[in-house]
There are 2 protein chains.
Amino acid sequence: MTTIHDVARHAGVSAATVSRVLNGHRTVDETLAGRVRAAATELGYSPNILARNLRKSQTNLWAVIISDVNNPFFTSLVRGVEDVGQQAGYSVLLCNSDENPDKEASYITAVLAQQIAGVIISPSSRPDNMAQLVEGSRAVVTIDREVQEVETDAVLVDNERGAQAATAHLIEQGYSRIACITGPRKVSTATSRLRGYRQALRDAGRTFDTNLVRYSDFRETGGREAMADLLDSGARPDAVFATNNLMTVGALETLAERGLGIPDPVGVVGFDELPWAELVRPSLSTVAQPTYEVGRTAAQLLLKRLENPDERFTVITLPTTLNIRDSSRR
Amino acid sequence: MTTIHDVARHAGVSAATVSRVLNGHRTVDETLAGRVRAAATELGYSPNILARNLRKSQTNLWAVIISDVNNPFFTSLVRGVEDVGQQAGYSVLLCNSDENPDKEASYITAVLAQQIAGVIISPSSRPDNMAQLVEGSRAVVTIDREVQEVETDAVLVDNERGAQAATAHLIEQGYSRIACITGPRKVSTATSRLRGYRQALRDAGRTFDTNLVRYSDFRETGGREAMADLLDSGARPDAVFATNNLMTVGALETLAERGLGIPDPVGVVGFDELPWAELVRPSLSTVAQPTYEVGRTAAQLLLKRLENPDERFTVITLPTTLNIRDSSRR
DNA sequence: CTGTTAGCGCTTTCAA
DNA sequence: TTGAAAGCGCTAACAG
C-alpha cells in the first residue's frame, strides 16, 4: 500500500499538501500541485477510503431503503439512484425493508452506525423510524410515499391524478361497478390512489360504495384474496382498479381461477407498469410511473442536500402515464 | 458520541478490555466483562464502525456484482445474499455491471478501494476483471457463471441438465425442428445450456443443425431479433428453447407480432422463471433455477471463506426444475 | 488476565 | 502558501 506520505516524499512536499491537491483545494501553488499529481500517478496512489471516512466521520456510501427488491418498480428506481450516485463518487447500499417496520428500523440503525452519507427511503408505516433517521442522518430523501410527521426532500408521483385517470377510463368504457383494491390505510400511496378513484366516481356523478373497496397489503397474495373477497361478497364488481402492480397480478390470478374473462365481464387497470405487461393476455392497462426518473431525481436532491445542508426542502411530484391496453377496453 | 474510552472509564477498566469484551474474546474475567457490558448499555455505546474499519483495514460490507438488477433472477438472488449477510453483521452493496465489462471493471476498482470484506459476482466475459478482483480481494464467490481462468468458490446450477430436460421435453411433445437462442459465446451459462440442448438432440437421434442456433446477448431485444432471424432465415423452427428469461420474452414478442400461435405451430420453453409465468398466455414453460437458494448458498460460502481463508475452494451445483406449462404442451 | 502503547492513513487546525 | 502536529476511535502486540 502506498500512502499519502509516500507521495509526499516522492514529490518533496508534506502530506498536508498532497491532501490539499488531491481534494481540489485551490490554495496550492501550481508547480507543487503538478509535482504532487505526477508523483501520485507514478506511484499508482489511491487514497485509503477507510482512513478518510474515519477522519471525516462519514462514508462515501448511500443507502436506498425500499420495501421490496423483487418489485420491478423499485429495481428500476435503484438504477436511477445508482447512475447518479456513482457519477458523484458514491456507492449504493441496497436495503430491503420488506414492508416490515421492524426490519426497517434495524436497517436505519445500521445506516446510522455506518455513518452513511445519504439515505433514500420509501418509508414504511411507522413514522418514528423516519423521525429517528432524519434526526441522525445527514441527508434523507423520501420517495414514493409521504410521511406527514417528518419533513424531508421528497420525490413523489401524482398518485391521485393517476388513479383518477385510470378510474375515469374505466367509467368511460362503460363499466358501472368499479372496485378498488388499495394498500394499507397508513401508506400515503394507498390513500392518495383511493382518493383519485373516489374523485373520478364523483366527477362522473357516481356514488362511492365502500362495498367495492378493499384495503390490502400491496402484495400478490393480498390482491388475490381481495379480489376473491370482492367476488364472493355480493358486491358484483364488473371492473377493478388495483393500486399497485403486485396486487394487480393477484387480482388477475383470482379472475383466471374463476374463469372470468377480461375485459369482459371484468375490466382491469393496475397501478405501476408490469415488466411484461404486453405479454400478459389480455395485455394489461396500467398507470405507469417514471420509476427510473424517480430514482434519478431523488439522487439529485440528495446530492444537493449534501452540498447544501441548510437549504429549504423541495418536494418534486412527477406525472404518471395511463397506458390503455386490452384489459380495460371493450 | 460516546467512545470506547468513556465505557472504559465508566467500567473502571482499560479500553483494550472493553474492546476484548465487545468482540467476544473469551480471555476476560467474567466480573470485568459484566461491568463492561453494563457500562456499555448504560451509556448506550455502539462502536464506531469507521474506526474499526480503518484499524482492521476491512469493512463490514459485502458487494454483489450482478449483470442486471432489473432481471428478477438476480433480485431474488440478492435477497438470499442479504438475508445471510445481515444475520452475520454485513451490509450488502449492490453493483450493477449491466453485462458491460468496463462497468464491471470500474465496480471492481471501487470494491477494492472500499476494502469490501467479500464479493459475490456474476462475472462478465472478461476474465482479467475476475483475476484482478481475486488478486485484490479477501473473499470472492462466483455465481451463475464459471470462469475458466480463475479459481474461486462458486455456486452454479446444473445448466446442462436443465437445458437437456427442456429440449427433451420439446422432442417428446413431437416438435421436430427445435431452435435454440443462446447467450454470448464467452459466457459459460450460454455454452452449457447450448450443450444440454445438443445432448438432448443427440440422445434422441436427431442431428444438430447450426441453422437452428442463434447466439444472442441475454437481453430482450436480442431474443426478439434472434427469433425474427430464425423465422426469416428459412430454418423453419417449430419450437424454440431460449436460454434465459429476457430472451424468452423477446422471442414471445416476435412470435406474437408474426401472429404465430403458441404452442402451435411454435412451442416455447425458456430458461429461468418469469415472475408471472402463469399470467402470460399461454402460460410459459420454464427451466426454473433456485435463485434465492443460489444467493443464500453463495453467502454461506463467503462466510466460510472469510472465517477460513486457506480452505480449498468449493463449487456447489444446484439442480433446476422443469416447469411444464401450456407453451410447450400440445 | 489486564493495561500500556503504538499505530491504521487521512484531514485539518495552527503557526510560520 | 506550506508544513508540523494532532487526533478521528479502534484493535492488537507486547509486557507485566
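Quick note on labels: first sequence line is chain A, next is B, and so on, each numbered from 1.
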Which residues share a ring pair (Phe, Tyr, Trp, His ring centres under 6.0 Å) with A:Y90, sequence neighbours left out: A:W62

Qualifying residues under side chain to side chain contact (heavy atoms under 4.5 Å, CB included), relative to A:T142, sequence neighbours excluded: A:P123, A:M130, A:T152, A:A154

B:R145/B:E99 ion pair, N-O < 4.0 Å: yes

Selection: residues 15-32 of chain B, any non-hydrogen atom under 4.0 Å of DNA chain C: B:A16, B:T17, B:R20, B:T27, B:V28, B:D29, B:L32

Those residues that, when tested against A:D144, pass salt bridge (Lys or Arg N to Asp or Glu O under 4.0 Å) (two or more places apart): none

Neighbours of DNA chain C within residues 47-57 of chain B, by heavy-atom distance under 4.0 Å: B:L54, B:R55

Residues forming a salt bridge (Lys or Arg N to Asp or Glu O under 4.0 Å) with B:D128, sequence neighbours excluded: none

Partner set under ring pair (Phe, Tyr, Trp, His ring centres under 6.0 Å) for B:F74, not counting sequence neighbours: none

Where at least one partner belongs to residues 44-64 of chain B, residue pairs that pass salt bridge (Lys or Arg N to Asp or Glu O under 4.0 Å), sequence neighbours excluded: none

Partner residues of B:D29 under the salt bridge (Lys or Arg N to Asp or Glu O under 4.0 Å) criterion, sequence neighbours left out: none

Spacing between B:N60 atom CG and D:dT11 atom P, to the nearest angstrom: 12 Å

Side-chain N or O of A:Y45 closer than 4.0 Å to phosphate OP1/OP2 of C:dG9: no

Interatomic distance where CD belongs to B:Q115 and C1' belongs to D:dC10 [whole Å]: 15 Å

Integer-rounded Å distance: D:dG3 P and A:I4 CD1: 12 Å

With sequence neighbours excluded, residues passing salt bridge (Lys or Arg N to Asp or Glu O under 4.0 Å) with B:D217: none

Sequence neighbours excluded, every pair satisfying side chain to side chain donor-acceptor pair (under 3.5 Å) that has a member inside residues 299-308 of chain A: A:D153-A:R305

Dot-bracket encoding of pairs in DNA chain D, which uses [ ] for pseudoknotted crossings and | for another strand, Watson-Crick or G-U under 3.5 angstrom: ||||||||||||||||

Atom-to-atom span, CG of A:D6 to C1' of C:dC8 - whole angstrom: 14 Å

